[in-house]
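Naming convention: chains lettered A, B, ... in sequence-line order (proteins, then strands); numbering from 1 in each chain.
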Amino acid sequence: MRSIVYYVREFLRPEWLKKFFFVKTAPLVTPPYFKGYPTRTEKECTGCFTCMMICPAPDAIAVLRRKEQWEPEVYPGHCIRCGLCVEACPEGVLSSGRVLELAGRDATAFWHSYHLEVDESLCMRCGNCCVACPINRQIDPRLAATGTSTSDDVIMRVKGGRVQILHEEKCTGCKTCETQCPSGAMRVARMVEGVQFLDEVGS
Amino acid sequence: MKKTVDVSIPLGPMHPCWKEPVRLKCETAGERVLHTEVELGYMKKGIERIMRGRPWQEVMFLAERVCGICSVVHNMVFIETMEEISDIAVPPRAAYLRVVANELDRIASHLIANFSYCYTIEHETLAMYLLNTRERVLDNLERITGSRINTAYMIPGGVRFDLLPEDAAVMLADLAKVEDELKRYVRIFETGPLIGLRSKGIGFMSREDAIRAHTVGPTARASGVEDCDLRLRHPTYQALDFKQITRTEGDNFARVMVRFQEVFQSIDLIRKCVDTLPDGPIRGGGLCRAGEASYAGEAPRGELTYTIKTDEYGRVVDIAIRTPSIMNIEACAHYMVVDATSIADVTSTFISSDPCIACNER
């Protein structure tokens, strides 16, 4: 008897009756706080590769040179919609949900530095890493196909039958050398730190 | 006396009651279950192997993909282990915001566990009510973190986003609705005769057996094991005056009720956090360095341990994850379902221990 009373009471609740008689399909509207795929804003990309550096998913974002300007391209099949690229970009080129707005409001950012390592036992001295590095090519456009260069300003070059790391500080951590290395000898250590500029927050 | 096995009944690996694939091999005499064996290994992801050699910002995302139901706590425990290795301090505001996200995740996890239980005992109305309520909680998790499941909210030295006052107000209003709804559902569950017959006294595990089987989380607490909630040792929870919930019945009903009570407790903890949220930064900075540490946190299902070794550039050299469900599943097979009066009670008893196969097989 008690259970019947329970069920009758359940079915006669005004809230349930209202939902039953005036049923409405929930609107398919994406809420503004949802982190979607990163999209471009009006700002111009400077080609610093910070978004590629921070991205945790392999091949989800690439910064490409198109018509004399840099352009970050997101591959939705690989992107996991974490929003780290939006937060890390110093220029505010990318946007996703409220991530850009909140990062600007809280003055949050990611500080980063890099370290390059070559495993001598695996390295084949093919020079792919030196040629593939976009910064290397910017510094020395005449970089040979074997990775040799006469310039001392490049990040790395092949000299004396081995890969020399010359200017680690110029590395932007885009990991192109690591992905292009056929034997997995190249490693880029990316040290990232989440920081907040307290003066701008006012606390 | 020699036991006579009538028939061996396999439950699973695909079963309508189970969220994930696992196989229970029950040896029965009539309707009585004599012996049960658990067979895992249907969805091994090899996630620990993938984690090795990667920097923390990549492993952070892999860690929360270990489990889709308690993803926030995986993120939190991994980050807290990295902080312990590298001596990174967390600002108080960030520590409180972590608790808010973690407790929202705990509510969502407990609600889906109780949904599964109600669905297994074929009380679909209550199950759907609980799932509907869970949506409201997930909406709030999304409002704070930007994502419903894989939130990636915490980073070493803080959290990613601040809690906006308008979001906090909406969240508290929503949690008040969740609390009202849940009070009604708990009353239905506690006093409904159907549920009582299918739950009370079924799947009994004594306190001694729970300790012997090393059960953790709500499964242990429902059998009256004291001091088995790691939140008691977490500094932020200690500041919030946290006390663990324990019941003594040790049956399916107690396990579900512990989860319901913990949901109410979590709502109270979130309210306390929002009310006493300290001002200040949400990120303290700090680089991850070389070291090795083992750190345990309280996941919705129990103790979750990460053992991590890192190199001088903050890359994860080695990692081992110990998730809570494996002991609860073993305890279920050895103590809860043995001598079950009916084979139909095996599924509900198994679900009452809230098994998470994704966590176990990672």
Trace of the side chain to side chain donor-acceptor pair (under 3.5 Å) decision for B:Thr145 with A:Tyr33: CA-CA 8 Å; B:Thr145 63; A:Tyr33 39 82; over 6 Å; no
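A distance below 6.0 Å separates the ring centres of B:Tyr119 and B:Phe115. Checked against the 6.0 Å centroid criterion, the rings of A:Trp70 and A:Phe49 qualify as a close aromatic pair. Taking the six-membered ring for Trp and the full ring otherwise, B:Tyr185 and B:Tyr129 have centroids separated by under 6.0 Å.
When B:Pro55, B:Ala152, B:Gly286 are compared by the number of non-hydrogen pairs under 4.5 Å with chain A, B:Gly286 comes out ahead. The candidate with the highest count of non-hydrogen atom pairs below 4.5 Å against chain A, out of B:Ile88, B:Thr125, B:Ile282, B:Asn150, is B:Ile282. The candidate with the highest count of non-hydrogen atom pairs below 4.5 Å against chain A, out of B:Asp167, B:Ile155, B:Asp311, is B:Asp167. Highest contact tally toward chain B, considering only A:Arg98, A:Arg81, A:Met191, A:Glu87, is held by A:Glu87 [criterion: heavy-atom pairs under 4.5 Å]. Put simply, of A:Tyr114, A:Tyr7, A:Trp111, A:Phe34, the one with the most heavy-atom pairs under 4.5 Å next to chain B is A:Phe34. Ranked by heavy-atom pairs under 4.5 Å with chain A, the list B:Arg315, B:Gln57, B:Arg160 is led by B:Arg160.
With a 4.5 Å cut-off on non-hydrogen atoms, A:Val188 touches chain B through its backbone but not through its side chain. Looking at B:Arg289, only its side chain comes within 4.5 Å of chain A, counting heavy atoms on both sides. For A:Arg13, the part lying under 4.5 angstrom from a heavy atom of chain B is the side chain only. Proximity to chain B (any heavy atom under 4.5 Å) is restricted, for A:Glu117, to the side chain, taken from C-beta onward. With a threshold of 4.5 angstrom between heavy atoms, A:Ala109 approaches chain B through N, CA, C or O but not through any side-chain atom. With a 4.5 angstrom heavy-atom cutoff, B:Leu62 does not touch chain A via any of its atoms.
You'll find the side chain of A:Glu71 stays beyond 4.5 Å of the side chain of A:Cys45, heavy atoms only.
Ring planes of A:Tyr75 and A:His78: perpendicular class, angle over 60° (limits at 30 and 60°).
No hydrogens or angles considered: a donor-acceptor pair under 3.5 Å links the side chains of B:Tyr295 and B:Glu80. In summary, the side chains of B:Ser147 and B:Tyr153 do not present any donor paired with an acceptor at a separation below 3.5 Å, with no hydrogens or angles considered.
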